[in-house]
Amino acid sequence: MTVDAHQEKLSFQAEVKQLLNIVVHSLYSNKEIFLRELVSNASDAIDKLRFEALSDPALFEANSDLQIKVSFDKDAKTITISDNGIGMSREEVIENLGTIAKSGTREFLSRLTGDQKKDAHLIGQFGVGFYSAFIVADKVTVLTRRAGLSAEHGVKWESNGDGEYTITNIEKPSRGTDIILHLKADEDDFLNNWRLRSVITKYSDHLNLPILMPKLNEDEKPTDEWETINRATALWALPKNTVKPEQYDEFYKHIAHDFEGPLAHTHRKVEGNIDYTTLLYIPAHAPFDLWQRDTHHGLKLYVQRVFIMDQVEQFMPHYLRFVRGVLDTTALPLNISREILQDHPTISKLRQALVRHVLDLLEKLAKDEPQKYADFWREFGNVLKEGPAEDFANRERIAKLLRFSTNVEDTQTVSLETYVSRMKPNQKKIYYITAENINAAKSSPHLEIFRKNNIEVLLLTDRIDEWVIAHLPEFEGKALQSVAKGDLQLEDIVAEDAEAKQEEEKKEKELTEELNPLLTKVKTFLADKVKEVRLSHRLTTSPACLVRDQDAMGPQMERLLKAAGQPVTEAKPILELNPEHRIVRKLNENTNEEQLKEWTVILFEQALLAEGSSLPDPAAFVQRINKLWMEMFH
């Protein structure tokens, strides 16, 4: 190896320095993870070579025997992991080893707490890969050359993990990457053939390429001959009954770069019009970048066991973007590109099948392992809620998987099927209310009549809920009805005998006649603020509430669209007054027009606050309240 004089000393990106420190200290209790991460990176490098060589076979450089080699040197106290994959150019070394070009890095680092256990979990979601080498090494040397470049374009990268690294041009005859770990003084237990073999077979037995180590002689000493120590068979291609649960878990950790095992998986081999094998996973925890728009999610695509590309998004709709896994099919050409994927006729059929497998898995979890499903819902419920709008064909199946809070149960555990099974005998609609949070929903005046008559109401408090409901108008023939919209008619649900019903209608007629003059005045006072003023059927303890027309946009959706900078045409609400309430009675008795107007505006603004809306002029509201207090004390 000839060293070129062109050597640079560079500093790590600030985020790398921070991550290095966290990795070394948070993951120290699971040190062997470094070998899994480095072997996994080597596997990815070989996969990338396979893919690029489909269109440029010269990248193989007359050597298509792809493999990873792991060796150690007791005297030098080094471990070397070598691959003959794609390798890196000088620019790629700086980009990949000196910076973290991952979106959301700053947000990720800001969420670290200093608690080793919690931070280790977050780091597992982020995927630290190469930097895990510094858990056991006090110096790391990387020798690499990108496939297709000549020998003199080799690069040597070296660092003590202290914030700086050197990068040097070298001559490297073979393509690929060698990572040499100079072990710390107390890490000698890794300079052991059986220790390294056991770690590799534990974490990397599933890799679809050979991992080699030097063969041992009769004295248990390494020879110059290499032998394969893993099965080197694609895990998804094996019969399900031959794969152990821990093998499924380790394969997930490899493809998802997660330190924690998955929540659940589904393994299918399908033969017919379209032959494919798929192994799909649901993670135990949501990745930190799940909600970032520029983050790519998707499956690993193989065609006839040949890796084609990573993060293929065409096989999963956006509402299932948390799914990880592989798809191996014979139905696509080996030279397929991302552009061809957009229009290939087989893609939609494969997508439909894979979505079906995921929904099958979720339904099985919900039925057979409710606690696991509750864990899933806590992590990914808001993502799944995007489904009814995105996937009309599976809307009914997705609807059955949704979970809600109600005025009976605070936690999001109630399915629509459960709600329907608990409906009143003559109840024809599924009632819901949208609010900023659970307390605001439960204390809403719109729930008063439902609480009085023990009618269950869904409490929709997530930002996405009103948008979901807009795309889910009914469930099993039962329309979804907002308790804050339209003119509620609960007579069929609330059982009354004929005589009581007649008496109620008579009383309502009398109240309407008595209070009509007040309704007219209030409507005049609030002409620019409300569409209509009427007596309420939904209030029992509150004096007033605001109601929207049946087809109008709800206040929460209005607020969301405004926050997103979208133009919103605000619909005037309807003000409903409780004819039995003392405040309304007092209003009706008041003959002071100026005072009546002042009280009416206060009542309207209180109703605005009760529905979660902001006041147009909070200071004026405070002044009106203070004036009211002064009149009471006068």
Go through Ser415 and Glu417 one step at a time and tell me if the side chain to side chain donor-acceptor pair (under 3.5 Å) criterion holds. CA-CA 5 Å; Ser415 69; Glu417 286 180 302; 4.9 Å; no

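- Of all heavy-atom pairs between Asp249 and Pro262, the closest is OD1-CD, 3.4 Å.
- Here Glu409 pairs with Thr406, Thr413, Val414, Arg422 under the side chain to side chain contact (heavy atoms under 4.5 Å, CB included) rule; sequence neighbours left out.
- Classification of Arg397 and Asp391 as a salt-bridged pair fails, no side-chain N sitting under 4.0 Å from a carboxylate O.
- Separation of atoms CD (Glu605) and CG (Leu615) is listed at 5.5 Å; rounding is to 0.5 Å.
- With values rounded to the nearest 0.5 angstrom, Leu279 atom CG is found 11.5 Å from Arg268 atom CZ.
- In this structure, the separation between CD on Glu589 and CZ on Arg585 is 8.0 Å, given to the nearest 0.5 Å.
- Residue Leu519 holds its CG atom at 11.0 Å from CZ of Arg534, rounded to the nearest 0.5 Å.
- Contact check for Phe376 versus Leu384: side-chain heavy atoms found under the 4.5 Å cut-off.
- When side chains are defined from C-beta on, Gln314 does not count as touching His344, because their heavy atoms never get closer than 4.5 Å.
- Contact check for Pro283 versus Tyr252: side-chain heavy atoms found under the 4.5 Å cut-off.
- Residues Lys529 and Phe604 form a side-chain contact, since some pair of their non-hydrogen atoms from C-beta on lies under 4.5 Å apart.
- Using a 30° and 60° split on the angle between ring planes, Tyr281 and His265 fall in the tilted class, from 30° to 60°.
- Looking at Val358 and Leu354, their side chains never come closer than 4.5 Å, going by heavy atoms from C-beta outward.
- Within 6.0 Å of atom CZ in Arg351, more than 12 heavy atoms from other residues, nucleotides or ligands are found, so the atom counts as buried in its surroundings.
- At a threshold of 4.0 Å, the pair Arg324-Asp258 does not count as salt-bridged, since none of the basic side-chain nitrogens sits closer than that to a carboxylate oxygen.
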Can you list the steps and then say if Glu611 with His446 is a side chain to side chain donor-acceptor pair (under 3.5 Å)? CA-CA 9 Å; Glu611 73 167 12; His446 295 99; 5.9 Å; no

Give the C-alpha distance, both sets of side-chain angles, the deciding distance and a yes or no for side chain to side chain donor-acceptor pair (under 3.5 Å) between Gln412 and Asp462. CA-CA 11 Å; Gln412 292 189 5; Asp462 291 327; 3.1 Å; yes

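- In this structure, the separation between SG on Cys545 and CZ on Arg538 is 5.5 Å, given to the nearest 0.5 Å.
- Checked options Asn592, Ile583, Val522, Leu628; the residue passing with Trp599 is Leu628 (criterion: side chain to side chain contact (heavy atoms under 4.5 Å, CB included)).
- Annotation: the span from Lys385 atom NZ to Asp465 atom CG amounts to 3.5 Å, rounded to 0.5 Å.
- Looking at Lys507 and Glu580, a side-chain N of the basic residue comes within less than 4.0 Å of a carboxylate O on the acidic one, giving a salt bridge.
- Annotation: side chain of Leu280 is in contact with side chain of Leu299 (closest heavy-atom distance under 4.5 Å).
- In this structure, Gln550 and Lys485 approach most closely via the heavy-atom pair O-CD, 3.7 Å.
- Side chains of Leu459 and Phe404 form no contact here, defined as non-hydrogen atoms less than 4.5 Å apart.
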So Leu526 and Val601, side chain to side chain contact (heavy atoms under 4.5 Å, CB included) or not? Walk me through it. CA-CA 7 Å; Leu526 301 175; Val601 174; 4.3 Å; yes

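- Between Tyr319 and Val355 the shortest side-chain heavy-atom distance falls below 4.5 Å.
- Nearest heavy-atom pair across Leu575 and Ala607 is CD1-CB, 4.5 Å.
- Between Asp375 and Arg378 there is a salt bridge, since at least one side-chain N of the basic residue sits less than 4.0 Å from a carboxylate O of the acidic one.
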